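I have placed the structure first, in the form of structure tokens, so that the comments after it can refer back to it.
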Amino acid sequence: MASLSLRHIYKKYPGGVTAVSDFNLEIKDKEFIVFVGPSGCGKSTTLRMIAGLEEITEGELFIGDRLVNDVAPKDRKIAMVFQNYALYPHMTVFENMAFGLKLNKTPKEEIKRRVEEAARVLDITHLLDRKPKALSGGQKQRVALGRAIVRNPMVFLLDEPLSNLDAKLRASMRTELTKLHQRVGTTFIYVTHDQVEAMTMATRIVVMKDGVIQQVDTPQNLYDNPCNLFVAGFMGTPQMNFINGVLEKKGNDLYFSFEKLIPDKTNNIREEGWQCSLKLPADKANNPALADYIGKEVIAGIRPECIADSPMNVAASENVVSAYVDVTELMGNEIFLYLTIGETRLTSRVSSRSNSRAGDTITIAMDTSRMHIFDKDTERCIAH
């Protein structure tokens, strides 16, 4: 078993393209680390550098106490599971799983023992005599995992291993991978663009954008305390709502105001002001970090589940506004409401018993205790 240390890792390609920039990460023994981010953010490139399949341009990579920058992939004691399974079509499941051990001249009895043990753990003992063409996608994925397990690696590397499976099978395989990690007790490093996979499986998540680490934290802390607009918008489905507005001080209270009043159709001049003002809780009103932003434009972020349409929540809240319902999506146990307030677009997650329908103008309550305030220029989070 092993910890990993990635110190100031860069990957630069000819032509001045930098795929990974100043990547620093300490991975503890037996952690389940997930690299997540949009396509092209550098997560797979980082994984391939750990595997030795890509050369590190700058920086140092340690597995345990061993510097492995110049160590061949086969000597790093890691095992990689690819997106496309990479099984040999002419070999049986047993032969596929045993292939790496045979190359290392492992004794036949030891090969048999390891393959059968891995097959038992993955529940594919009955498939050992079949060839890949006779397997389903989920079975092929188990075989690819088994081929990695038999090598007793110090680190498992998994590059989007579930992306070729259907939604139902992906959900069940997420559970299987989590249980496998607990049984094997080895460090797992997993790459995905699916934040649901990251949230459900990871010990810690590494969020990447344009080759740069944005935030490293536990799934719950990433969701509750994103460090910037990108992380806030990337983690969560539906994504966090972002509203442009200003912070206003009224007496001892602090308000977030948005949607400027506009002249009516008769061109009568209205008093300047804002259509919507939301009172922020005392902890935000007294937050020194927000003092410099009073009277300035900021971006407020609020999760869909923090916008309610139930009469009980609306009656209990002082932060209510009117919104037009553009579209409703029934998800079974909940409904997504797509709302419009002037130029602002919002998504709300409400109970499936909601009476809101497309075309309605409804009153919604917004939970400002869970609102995030972001700097409009730097996009960094000022207050949670």
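In this text, all values refer to a predicted model and were calculated from it rather than measured experimentally.
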N/O donor to acceptor pairs below 3.5 angstrom from side-chain atoms of residues 292-303, sequence neighbours left out:
unit_1 : atom_1 : unit_2 : atom_2 : d
Tyr293 : OH     : Asp375 : OD2    : 2.5
Lys296 : NZ     : Asp292 : O      : 3.2
Glu297 : OE1    : Lys376 : NZ     : 2.6
Arg303 : NH1    : Ala232 : O      : 3.3
Arg303 : NH1    : Met235 : O      : 2.5
Arg303 : NH2    : Tyr223 : O      : 2.9
Arg303 : NH2    : Met235 : O      : 3.2

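- Judged purely by distance below 3.5 Å, without hydrogens or angles, the side chains of Asp367 and Ser369 pair a donor atom with an acceptor atom.
- Legend: residues meeting ring pair (Phe, Tyr, Trp, His ring centres under 6.0 Å) with Phe62, ordered by chain and number and at least two apart, are absent.
- Residue Gln220 forms a side chain to side chain donor-acceptor pair (under 3.5 Å) with just one option from Asp224, Asp217, Thr218, and that option is Asp224.
- The pair Arg113-Glu109 does not meet the salt-bridge criterion, since no charged nitrogen lies less than 4.0 angstrom from a carboxylate oxygen.
- Scored by the ring pair (Phe, Tyr, Trp, His ring centres under 6.0 Å) test, Phe82 finds no partners at all (sequence neighbours excluded).
- Using a 4.0 Å cut-off between charged side-chain N and carboxylate O, Arg114 and Glu110 make a salt bridge.
- In this structure, Tyr255 has no ring pair (Phe, Tyr, Trp, His ring centres under 6.0 Å) partners at least two apart in sequence or on a different chain.
- A parallel orientation is assigned to the rings of Phe234 and Phe230, their planes being inclined by less than 30° (bins at 30° and 60°).
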Table please: side-chain donor-acceptor pairs of residues 199-213 below 3.5 Å, with sequence neighbours left out.
unit_1 : atom_1 : unit_2 : atom_2 : d
Thr200 : OG1    : Arg174 : NE     : 3.4
Thr200 : OG1    : Val196 : O      : 2.8
Thr200 : OG1    : Glu197 : O      : 3.2
Thr203 : OG1    : Phe32  : N      : 3.0
Arg204 : NE     : Glu31  : OE2    : 2.8
Arg204 : NH2    : Glu26  : O      : 2.7
Arg204 : NH2    : Glu31  : OE1    : 2.9

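- At least one side-chain heavy atom of Thr46 sits less than 4.5 Å from a side-chain heavy atom of Leu6.
- Side chains of Asp129 and Thr92: a donor-acceptor N/O pair is absent below 3.5 angstrom, by distance only.
- Defined by atom type and a distance below 3.5 Å, a donor-acceptor pair is present between the side-chain atoms of Tyr338 and Glu329.
- Salt bridge status for Arg120 with Glu117: present, with a side-chain N to carboxylate O gap under 4.0 Å.
- Side-chain N or O atoms of Ser317 include one that pairs as donor or acceptor with a backbone N or O of Asn319 at under 3.5 Å.
- The aromatic ring centres of Phe94 and Phe99 sit 6.0 Å or more apart.
- None of Thr344, Leu339, Thr347 except one satisfies the side chain to side chain contact (heavy atoms under 4.5 Å, CB included) rule with Asn241; the exception is Thr347.
- A 6.0 Å sphere centred on CZ of Arg183 holds more than 12 heavy atoms belonging to other residues, nucleotides or ligands.
- Looking at Ser5 and Arg7, their side chains do bring a donor and an acceptor atom within 3.5 Å of each other.
- Using cut-offs of 30° and 60° for the angle between ring planes, the Phe258 and Phe256 rings count as parallel.
- Counting heavy-atom neighbours within 6.0 Å of Lys250 NZ, excluding the residue itself, gives a total above 12.
- Using modelled atom types and a 3.5 Å distance limit, the side chains of Ser44 and Asp159 yield a donor-acceptor pair.
- For the residue pair Asp326/Thr340, the side-chain donor-acceptor check at 3.5 Å is satisfied.
- Counting only residues at least two apart or on different chains, the side-chain hydrogen bond (donor to acceptor under 3.5 Å, both in side chains) pairs with a member in residues 55-81 are Lys12-Glu58.
- For the residue pair Glu116/Thr125, the side-chain donor-acceptor check at 3.5 Å is not satisfied.
- Taking the six-membered ring where tryptophan is involved, the planes of Phe188 and His181 are perpendicular, since the angle between them exceeds 60° and thus also 30°.
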